[in-house]
Novice: 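Provided herewith is a single structure, encoded as structure tokens, for subsequent inquiry.
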Amino acid sequence: MRTRRIIELPPVMTVKELADSLSISPSEVISALIRSGVMATINQTIDYDTAEIVATDMGYQTRLVVPQTDEERLISEFEANAGGGNPQPRAPVVTVMGHVDHGKTRLLDAIRQTNVVEGEAGGITQHIGAYQVEVQGRKITFLDTPGHEAFSAMRARGAQVTDIVVLVVAADDGVMPQTLEALAHARAADVPIVVAINKIDREGANPDRVKQQLSEHGLIPDDWGGDTPFIEVSALQRIGINDLLSIILLVADIRELRADSARKAEGVIIEARLDPNQGPNATVLVQNGTLKLRDFVLVGATVGRIRAMFDDKAQKLRKAEPSQPVRIHGLEAVPEAGDKLLVIEDEKLAREVAAQRARTAQMATMAASRPTTLDELFKGAGADRTKELNVVLKADVQGSIGAIEHALGQLAEENVKVTVVYAAAGPVSESDVRLAAASNAIIIAFNVRPDPAARRIAEAESVDIRYYNIIYNLLDDVRAALAGMLEPEYQEVVDGYGEVRAVFRLPNREQAAGLYVTDGKAVRNSRVRVLRNGAVIHDGEVSSLRRFKDDVREVQSGYECGLGVAHFHDFEEGDNVEFYHQEQVRR
């Protein structure tokens, strides 16, 4: 027996494309289509099923192949051409976070031994800075963020750039609301945390109070039996800086951070802006491979060739290796923070992908990272979705927070849970909304309201804010959402029974049963089981239900009707039929 040749066909094709695939003339394909009852011209499209019939008639076996999108093709080509294959240890990337005036930038200043604070308005960081320092012959990359908003905005775009978070807390001030916000963001990013207790040289400094406060929020110091390193430092006096750097290197060693510098480069945009003299420029953190001058890159929805590259000290570079932050010039437009950078060989394909991304962004801004609403959770979730409800909780007083957190903790259902990402007293702020967006969380506001800026951002990013002043209503809504997140429970409901009294052959070769409804009712929209001697011989759907010549929706007990069952033509007199449907049960 001759083996049939296998050809691959797309989901949709023209008649001419099918003819070319079969190596025959279009007229032969058109003739074969006419024999199958399909009228088509040479340029008309046909689907795979129709093409398969023609190909089978011509002696071929077919296989459906879904063509790659331009983006999928670009990624697969990048992986195929990236080269390398020998990952080596790389420098850790560290983000410094904390309360607004607890000394983050001063600490970085002490580490880098250059003065950044002096040149900044009011001593507050004005932009994201990325700096690399050398310690004990090894490098560490520091990201100095202006706040948690930028950190969470990048995470919301899918960019995971940080290996370790250093949480800075002033020894004289203790834990402040922004400290807890920073902690919530670090936990949401699922990275190790090192606590730097700063300003230990100040009067009133109390490091033990900081340890106690943070331990109440789940950060247990390592010298108290926990697993979070706490280092006492003074950025001003440069006390404890070496200890902090040693701990960072130790945590990095435990994580076994590696990258392959021999590959084509990939990285992530830390910041970008339009320079009036130099055009678009961006700070990129190289994550893998080596970025070189003249490389052609795809960055988000733009492309470009790297014309110049500078390190954090404004020194010109010809290449940048993994974990190195560099400022690049040569992009055709300003990318967004969090955009992925890839070095691409196929310039034409890269431009097509960039254009497609730009169109997609125009049609659905932030669609990929739109947070879930409580209403959507209530409607239920598919089998593959994570069964977790993330909550940012804001209330008027601390006492309410404790009570609500305790009550929410009691609501866990089978396979679902409530996770309070962040909780604090006070109105809903801009930072709360950004955290909710990055964590795919809803915001529960108990006796508080958002400020105008927070309201605008919530609308722009589709963050669901729920307002309550009665705790029972709050719990009822969350309980309903959890029930919706569980897989629905169904139970079978029997509508009626019937007995086959006669069997009829129809002109279209199908079969119908003359049925007497013995109990309940026969329902057009029900499913049916055909039973013979008590055994189920078929389970299917009703295709027709008639009284005399009329189609009917249902037939009550004590009446006769004609019944057709989809894909079943084997009725016998004496068979029993059971009508039933599935009904969702409220959990």
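Any value given below was found using the heavy atoms of this structure, including those in side chains, with hydrogens, waters and symmetry copies removed.
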Novice: Among T283, V165, V161, V94, which residue meets the side-chain contact (heavy atoms from CB on, under 4.5 Å) test with L143?
Specialist: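 So the option named by the test is V161.
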Novice: Would a distance-only check, ignoring hydrogens and angles, find a side-chain to backbone donor-acceptor pair under 3.5 Å from S323 to V93?
Specialist: no
Novice: Taking only Lys NZ, Arg NE, NH1 and NH2, and the carboxylate oxygens of Asp or Glu, determine whether K211 and D222 approach each other closer than 4.0 Å.
Specialist: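 No salt bridge links K211 with D222.
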Novice: Would you compute the distance between atom CD1 of I75 and atom CG of L298 and round it to the nearest 0.5 angstrom?
Specialist: 7.5 Å
Novice: If I compare all heavy atoms of A171 with all of R209, which pair ends up nearest, and what's the gap?
Specialist: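 In terms of heavy atoms, the two residues are closest at O-NH2, 4.0 Å.
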Novice: If you compare all heavy atoms of P325 against all heavy atoms of L285, which two are closest, and at what distance to 0.1 Å?
Specialist: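 Looks like N-CD1, 4.1 Å.
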Novice: Run the salt-bridge test on D260 and R90 with the 4.0 Å N-O cut-off and return the result as yes or no.
Specialist: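 Salt bridge flag = no for R90 with D260.
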Novice: Using every non-hydrogen atom in the two residues, find where R187 and H217 come nearest and quote the distance to one decimal.
Specialist: NH2-O, 2.6 Å
Novice: Compare all side-chain heavy atoms of I111 with those of Y131 and state whether any distance is below 4.5 angstrom.
Specialist: no
Novice: I want to check something: taking the side chain as every heavy atom from C-beta on, are L341 and V268 in contact at a cut-off of under 4.5 Å?
Specialist: no
Novice: Applying side chain to side chain contact (heavy atoms under 4.5 Å, CB included), run through V297 and L331 and close with a yes or a no.
Specialist: CA-CA 8 Å; V297 293; L331 299 178; 3.7 Å; yes
Novice: Heavy atoms only: give me the nearest A441-V391 pair and the separation to one decimal.
Specialist: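 For A441 and V391, the tightest heavy-atom pair comes out as CB-N, 4.0 Å.
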Novice: Between H185 and Y422 (judged by ring centroids, cut-off 6.0 Å), do the two rings come close enough to count as a pair?
Specialist: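 H185 vs Y422: aromatic centres not under 6.0 Å.
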Novice: Indicate whether the side chain of E332 and that of T302 have a donor and an acceptor atom separated by less than 3.5 Å.
Specialist: no
Novice: Ion pair present between E430 and R456, side-chain N to carboxylate O less than 4.0 angstrom?
Specialist: no
Novice: Taking all non-hydrogen atoms of both residues, which atom of P335 and which atom of A272 are closest, and how far apart?
Specialist: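 Taking every non-hydrogen atom into account, O-CB, 3.5 Å.
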Novice: In plain terms, say whether K199 and E232 are close enough for a salt bridge, that is, a side-chain N and a carboxylate O under 4.0 Å apart.
Specialist: no
Novice: If you apply the rule side chain to side chain contact (heavy atoms under 4.5 Å, CB included), what do you find for V478 with L475, and how did you get there?
Specialist: CA-CA 5 Å; V478 174; L475 296 176; 5.6 Å; no
Novice: Among N440, L435, I443, exactly one meets side-chain contact (heavy atoms from CB on, under 4.5 Å) together with V463. Which residue is that?
Specialist: I443
Novice: What are the two closest heavy atoms between V175 and Q213, and how far apart are they?
Specialist: N-OE1, 2.8 Å
Novice: Between atom CD1 of I248 and atom CG of D243, what is the distance when rounded to the nearest 0.5 Å?
Specialist: 11.0 Å
Novice: For the pair D253 and R138, evaluate salt bridge (Lys or Arg N to Asp or Glu O under 4.0 Å) and give the outcome as yes or no after the intermediate values.
Specialist: CA-CA 12 Å; D253 289 340; R138 297 169 59 183; 2.7 Å; yes
